[in-house]
Trainee: 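Sharing a structure here in C-alpha cells format.
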2 protein chains.
Amino acid sequence: MSVEDRKMKVLQAIVDDYVTTNEPVGSKSLIERHNFPVSSATLRNDMAELERMGLIEKPHTSAGRIPSDRGYREYVDSLMTVDQLSEAEREDISRRIDTTIFEARDLLKNASAALSETTGLVSLVMTPRLAGSSLLQLKILMIEPGKALVLMVLSAGVVKDKVVRIPNFLTPEQLKEISDSVEKSLNGKPLDEITLVTLATSVKETRIPDSLLNQVLYETYTAIKQADKLDVFLEGEHNMLKLPDFSELKRAQSLLGTLSHDGMVAGYVNEIEKEKTGGDDTYMIRIGQEIALEGLEDCSFITTTYKIGDTISGNIGVIGPKRMDYSKVISQIDFVRYKINEQIKNING
Amino acid sequence: MSVEDRKMKVLQAIVDDYVTTNEPVGSKSLIERHNFPVSSATLRNDMAELERMGLIEKPHTSAGRIPSDRGYREYVDSLMTVDQLSEAEREDISRRIDTTIFEARDLLKNASAALSETTGLVSLVMTPRLAGSSLLQLKILMIEPGKALVLMVLSAGVVKDKVVRIPNFLTPEQLKEISDSVEKSLNGKPLDEITLVTLATSVKETRIPDSLLNQVLYETYTAIKQADKLDVFLEGEHNMLKLPDFSELKRAQSLLGTLSHDGMVAGYVNEIEKEKTGGDDTYMIRIGQEIALEGLEDCSFITTTYKIGDTISGNIGVIGPKRMDYSKVISQIDFVRYKINEQIKNING
DNA sequence: TTTGGCACTCGAAGTACTCGAGTGCTAATA
DNA sequence: TATTAGCACTCGAGTACTTCGAGTGCCAAA
C-alpha cells in the first residue's frame with residue numbers, strides 16, 4: 001500500500017470513526033480500532049499531512065482530528081461505498097409506507113414521514129415541478145353564485161384545483177362557455193407557456209361581456225399559475241435535537257428557525273437541483289459551508305429525484321448533520337425513492 | 001383591603017412577576033416592585049399561607065415562590081384582566097394576515113403563521129369540523145380511464161375533493177349517471193349520516209352492472225368520509241427553543257417530539273373542546289398537568305372557536321409555557337380569530 | 001395582625017487543581 | 001526515505017472547594 005493510499009485510508013477511517021463516536025479521532029484510537037500495519041507515530045505524520053491538505057482539522061491543540069468540509073467531500077466523492085440495505089431494513093421502510101394512498105400529495109407526505117423515521121433525520125420531500133407539464137383538462141365549475149372551482153388535469157394524471165371568486169351574476173351557462181373555450185385552446189399546452197394573453201385570445205369568440213370575462217380569466221390564470229407552486233414536506237425536525245451535534249441550544253435554535261421556513265428550504269433545494277449535472281438517479285450532496293442557509297453550516301443535504309411519468313419529477317432527500325452516515329442514508333433515500341416511483345406507477349395504472 | 005384580598009393580590013403579583021422575569025419571586029422583590037402597604041414579613045406570612053393553599057410553591061428552600069398549576073388556574077379564572085390590544089398591535093397582526101387568500105385552508109394556515117409570529121409561541125389552528133355539515137353538491141368527474149375526481153361542496157361553500165380509482169372501462173356517461181343519482185339522493189344530507197347503505201340505495205335505479213357500481217360507490221364513500229378529516233396547523237415550534245423554560249435539552253426534545261405528532265395534538269384539542277361548556281367565544285385553557293400529553297407538563301393550551309357560517313366551526317389557539325402572559329395571548333388570539341371570521345365572511349359574500 | 005430581627009439554607013458562580021488523551025518534534029532505525 | 005520510540009507540552013473536562021446573597025421561617029414585641 002502506497003503512502004498516498006494509506007493517507008486516504010486514514011481519512012476514511014477518521015470519517016468513519018468520527019461519524020459513529022462524535023469524538024475527535026486521535027492517532028492512538030485509530031490504531032486500536034482499525035488494523036493499520038504501522039505505528040501511531042506514522043499515522044500522526046499522515047494526519048499532519050492531511051491537515052496541511054485541508055481535509056481534516058483540530059478543534060483545539062490537544063484533541064484529535066475531525067474531518068473538514070473538504071474532508072467530507074473527498075470521502076463522499078471518492079472513498080465511501082454505498083451498500084445495499086439489508087432485507088430487514090427494507091422491510092422496515094416498506095412497512096412504514098402506506099400503499100393504500102392514491103393521491104400523489106398524500107403519498108409524498110407519507111413517504112417523507114417514513115424517510116425521517118428510518119433515518120432519524122429531517123426528511124425533505126418536494127412536490128413535483130409541474131411548470132413544464134401540460135394542461136390536459138381544464139374545467140371551471142360553478143359552486144355557488146360568485147364562487148367557482150378551477151379544476152386542472154395535468155400530464156401524468158396530476159390533478160390540481162383552486163376555488164376562485166367570479167362575478168356574482170355570471171350564470172352556469174356562461175361559465176361553461178368560458179370554460180369550454182379556454183380548455184379547447186389551452187389543451188396540451190405546457191403550464192409555463194400559458195399567459196393572460198393566451199387566455200384572453202382563447203375566449204375571443206364568446207359573447208360574454210368583457211367586464212365579466214376579465215375577472216374569470218384573471219382568476220383562472222392565477223389558478224393555473226398556482227398549480228405549479230412547489231410545496232415541501234419537512235418531517236422530523238425534532239430528530240435534530242437528539243443529535244449531540246445540536247446539543248448547544250443556540251445551534252438548535254438557529255437550525256430549527258431556518259427549517260421552519262419551508263419556502264426557503266424548498267427554494268434552495270430547487271436551486272441546487274438545477275445545477276445538477278448527472279442523471280436523475282444521481283445524488284446532490286451539499287456539505288456544511290457549501291449550504292447557503294443560515295444555521296445549516298453544520299448540516300448536509302442529500303437529495304435526489306423521483307419521477308411521475310416520463311417528464312415530471314420532484315425531489316426527495318434528507319437534511320442531517322455533516323457528521324452522518326452518508327452511505328447508509330443514501331441507500332435509505334434510494335429505497336424510499338424506489339417505493340415512491342413504484343407506487344406512482346401503480347396509481348397511474 | 002382585607003387579608004384575603006391581599007393574599008390574592010400577592011398571588012397575582014407573583015404570577016405577573018414570574019411571568020416576566022422567569023425567576024422565583026421573593027417577598028423582598030415583591031415589595032420593591034409593587035407597592036404593598038405592608039412589610040416583607042407580612043408578605044412572607046401571606047406567601048406561607050398561599051403555599052399551604054397549594055397555589056404557589058418553592059423550587060427549593062432558599063428560593064422565592066413560583067405559581068403552582070392551581071395558582072395559575074386561580075389567576076386565569078379570577079385574577080387576570082384581559083385588555084384590548086393597542087392599535088399598533090392590531091396593526092401588526094393585520095399586516096401579517098394576507099387578505100387576498102380565497103381558500104379556507106390557505107387562510108387558516110396563514111392565520112396560524114401570523115398567530116405564532118405575534119405571540120412568539122406555537123400556534124394551533126384546526127380545520128373546521130365538517131362532520132355535521134351537509135353535502136350540497138357531489139360530482140364524480142372522469143379524469144382519465146380508471147381515475148376520477150369526487151368533488152363535494154358542503155355547507156357554507158366549503159369545497160373538498162379526492163382523486164379515486166374507478167374501473168378502467170367505466171364510461172364517462174356511466175359515471176355521470178352514477179354521480180347524478182348519488183348527488184340527487186344525498187343532497188342536503190349531513191356528512192355523518194351518510195353510509196355505504198345510503199349510497200347503495202341511491203343508485204338502485206341505474207342500469208349499471210353492480211360489479212362496476214360497487215367500486216365507485218366504495219371510493220365515493222371513502223372520499224366523503226375523508227372530507228371531514230381534521231387537519232391541524234402547528235406553527236412556530238422553534239419558538240419554544242427560545243424560551244428559558246425549555247433551555248433544558250431534554251424538555252425541549254420531549255416537547256417537540258410530541259408536537260411533531262400533529263394528529264395527537266389535534267385529537268387532544270378536539271377532545272377538550274367537546275367538554276367545553278361556555279359559548280363559542282369563550283376560551284378553553286389547560287394548564288400544566290391538566291394536559292394529558294407527554295412533554296407538555298410545563299405548557300398551557302389556550303384555544304377558542306372560529307366560525308364558518310352558522311354551523312361550521314374550528315379551533316384556533318396557542319401552546320406556550322405555563323409561564324406565559326395569558327392576558328396578552330388571549331387578546332392576540334381573539335384578534336386573529338376576529339380577522340379569520342371577518343375574512344371568511346368576506347369570502348362567502 | 002403586623003413588624004423588625006436573626007439564624008439558617010442552598011443554588012449559582014468563581015477558583016484552583018488534577019487527569020489524560022492527544023500532539024509535534026527529535027533522533028535512532030530499517 | 002519512511003518509520004518508529006520517546007518525550008515534553010497542551011488544554012479541555014471533570015472535580016472539589018469556597019464565597020456570596022437572595023430568600024426563608026420563626027419569635028417576640030408593637
Side-chain angles (χ1 to χ4, degrees), chain A residues 1-11 13-15 17-18 20-68 71 244-245 247-248, chain B residues 1-11 13-15 17-18 20-53 55-68 71 244-245 247-249:
Chain A
M1 181 165 60
S2 84
V3 179
E4 277 314 299
D5 283 357
R6 191 187 58 218
K7 265 194 324 223
M8 286 303 124
K9 284 257 186 246
V10 171
L11 175 57
I14 290 175
V15 174
D17 280 14
Y18 184 60
T20 51
T21 65
N22 190 32
E23 310 249 295
V25 187
S27 51
K28 230 169 187 166
S29 61
L30 216 42
I31 290 281
E32 275 167 27
R33 231 183 306 236
H34 309 262
N35 28 12
F36 285 101
V38 291
S39 76
S40 68
T42 309
L43 291 195
R44 275 205 291 285
N45 291 335
D46 291 349
M47 286 160 85
E49 180 66 16
L50 285 169
E51 188 171 357
R52 232 165 290 131
M53 295 164 69
L55 297 174
I56 59 179
E57 50 197 29
K58 287 196 280 250
H60 54 264
T61 327
S62 71
R65 305 301 216 295
I66 61 174
S68 68
D245 311 69
S247 60
E248 270 168 79
Chain B
M1 182 164 58
S2 83
V3 178
E4 275 315 301
D5 284 356
R6 192 187 57 220
K7 264 195 324 224
M8 285 304 126
K9 283 256 186 249
V10 171
L11 174 58
I14 289 174
V15 175
D17 280 14
Y18 184 61
T20 52
T21 65
N22 190 33
E23 311 250 295
V25 186
S27 52
K28 228 169 187 169
S29 61
L30 216 44
I31 290 281
E32 275 166 29
R33 233 184 305 239
H34 309 259
N35 29 14
F36 284 102
V38 291
S39 77
S40 67
T42 310
L43 291 196
R44 275 205 290 285
N45 291 335
D46 291 349
M47 285 160 85
E49 181 64 19
L50 284 170
E51 189 171 355
R52 229 165 292 133
M53 295 163 71
L55 297 174
I56 58 179
E57 50 199 29
K58 285 196 283 249
H60 54 263
T61 327
S62 71
R65 304 302 215 295
I66 61 174
S68 67
D245 311 68
S247 59
E248 270 169 80
L249 208 54

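Chain identifiers are assigned alphabetically (A, B, ...) following the order of the sequence lines, protein sequences preceding nucleic acid strands; residue numbering begins at 1 within each chain. These numbers were taken from a predicted model, which means no experiment stands behind them.
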Trainee: Would you mind telling me which residue lines up with the more 5' stretch of DNA chain C, N45(A) or S29(A), judged by nearest nucleotide?
Mentor: S29(A)
Trainee: Would you confirm whether S68(A), through its side chain, and G54(A), through its main-chain N or O, come within 3.5 Å as a donor-acceptor pair?
Mentor: yes
Trainee: What is the distance, to the nearest angstrom, from the CG atom on D5(A) to the C1' atom on dA2(D)?
Mentor: 15 Å
Trainee: Does the side chain of V25(A) reach to within under 4.5 Å of the side chain of R65(A), using non-hydrogen atoms?
Mentor: no
Trainee: Distance check needed: dT24(D) C1' versus I66(B) CD1, whole Å only.
Mentor: 16 Å
Trainee: Rounded to whole angstrom units, what separation is found between the NE2 atom of H60(B) and the C1' atom of dG21(D)?
Mentor: 12 Å
Trainee: Is A63(B) touching bases, backbone alone, or none of the nucleic acid, heavy atoms closer than 4.0 Å?
Mentor: sugar-phosphate
Trainee: Please report, rounded to the nearest Å, how far the C1' atom of dT1(D) is from the CD atom of E49(A).
Mentor: 14 Å
Trainee: So, is R44(A) close to the dA2(D) phosphate, meaning a side-chain N or O under 4.0 Å from OP1 or OP2?
Mentor: no
Trainee: With a 4.5 Å limit on heavy-atom distance, are the side chains of K7(A) and M53(A) in contact?
Mentor: yes
Trainee: Verify, without hydrogens or angle tests, whether T21(B) (side chain) and D17(B) (backbone) share a donor-acceptor contact under 3.5 angstrom.
Mentor: yes
Trainee: Distance under 4.0 Å to a non-hydrogen atom of chain B counts as contact; along DNA chain C, which nucleotides mark the start and end?
Mentor: dT2(C) to dG11(C)
Trainee: Hey, are the side chains of M47(A) and I14(A) touching, using non-hydrogen atoms and a 4.5 Å cut-off?
Mentor: yes
Trainee: Expressed as a whole number of angstroms, how long is the span from L43(A):CG to dA2(D):P?
Mentor: 16 Å
Trainee: Measuring only between side-chain heavy atoms, which start at C-beta, is M8(B) closer than 4.5 Å to L50(B)?
Mentor: yes
Trainee: Does a side-chain N or O from S27(B) land closer than 4.0 Å to OP1 or OP2 of dT24(D), or not?
Mentor: yes
Trainee: Between T61(B) and P37(B), which residue's closest nucleotide on DNA chain C lies nearer the 5′ terminus?
Mentor: P37(B)
Trainee: Grab the NZ-C1' distance between K28(A) and dA5(D) for me, whole Å please.
Mentor: 12 Å
Trainee: Of the listed nucleotides (dT24(D), dG25(D), dT4(D)), which one gets closest to any side-chain atom of E51(B)?
Mentor: dG25(D)
Trainee: Any idea which heavy atoms bring L30(A) and A13(A) closest together, and the distance?
Mentor: CD1-CB, 3.9 Å
Trainee: Roughly, in whole Å, what's the span from CD in E32(B) to P in dG21(D)?
Mentor: 15 Å
